Amino acid sequence: MSKSFNSIEEAFAWYLENIYKNLPPDEKKGELVMAWRNFTHKQGISQKRMISILKRFGFDVNISVTYKK
């Protein structure tokens, strides 16, 4: 299955809803639970941290920035 996202935040929200919540409890520890809490409660999580977690779970992350004058 292939799925594209418009932002890191959108991809991370999808990851939390579709992958994280289905992980066994022993995997929802440490960094992952802190990332879930920070994102869900809008306490702040860096894009670098989200990208690191997404890559760990098989996401291919490419960032594209376009300026059109």
Side-chain angles (χ1 to χ4, degrees):
M1 175 179 93
S2 180
K3 185 155 179 64
S4 296
F5 304 95
N6 293 318
S7 69
I8 300 299
E9 291 77 10
E10 181 185 346
F12 198 73
W14 186 91
Y15 154 79
L16 290 175
E17 183 64 29
N18 294 281
I19 297 175
Y20 176 81
K21 80 175 195 177
N22 295 315
L23 291 175
D26 62 316
E27 287 189 45
K28 294 180 184 177
K29 292 182 180 176
E31 180 188 20
L32 294 182
V33 75
M34 292 299 293
W36 168 83
R37 185 177 298 129
N38 290 343
F39 186 85
T40 303
H41 298 292
K42 301 187 184 340
Q43 296 175 340
I45 178 172
S46 70
Q47 283 194 349
K48 182 178 178 181
R49 194 159 141 216
M50 286 188 274
I51 290 169
S52 172
I53 292 168
L54 291 173
K55 285 183 175 182
R56 192 180 330 163
F57 285 91
F59 286 73
D60 182 24
V61 179
N62 298 302
I63 299 172
S64 175
V65 177
T66 305
Y67 171 74
K68 294 183 181 181
K69 191 172 182 180

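Note that the structure is predicted; figures quoted are calculated from it, not measured.
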To the closest 0.5 Å, what do you measure between CD1 (Ile53) and NZ (Lys55)? 13.0 Å
In the structure I gave you, are the side-chain heavy atoms of Ile19 and Phe59 within less than 4.5 Å of one another anywhere? yes
Could you work out, with salt bridge (Lys or Arg N to Asp or Glu O under 4.0 Å) as the rule, every residue matching Glu27, not counting sequence neighbours? none
Rounded to the nearest 0.5 Å, how far apart are CG of Leu32 and CZ of Phe57? 5.0 Å
How far does CZ of Arg49 sit from CE of Met34, to the nearest 0.5 angstrom? 6.5 Å
Side chain to side chain contact (heavy atoms under 4.5 Å, CB included), that's the test. Do Trp36 and Lys28 meet it? Break it down for me. CA-CA 9 Å; Trp36 168 83; Lys28 294 180 184 177; over 6 Å; no
Enumerate, atom names and distances included, each donor-acceptor pair closer than 3.5 Å involving a side-chain atom of residues 6-17, sequence neighbours excluded.
from	atom 1	to	atom 2	distance (Å)
Ser7	OG	Glu10	N	3.0
Glu9	OE2	Gln47	NE2	3.0
Glu10	OE1	Asn6	N	3.0
Glu17	OE2	Lys21	NZ	3.0

If a pair satisfies salt bridge (charged side-chain N to carboxylate O under 4.0 Å, His left out) and one of its residues is in residues 57-69, list it, with sequence neighbours excluded. none
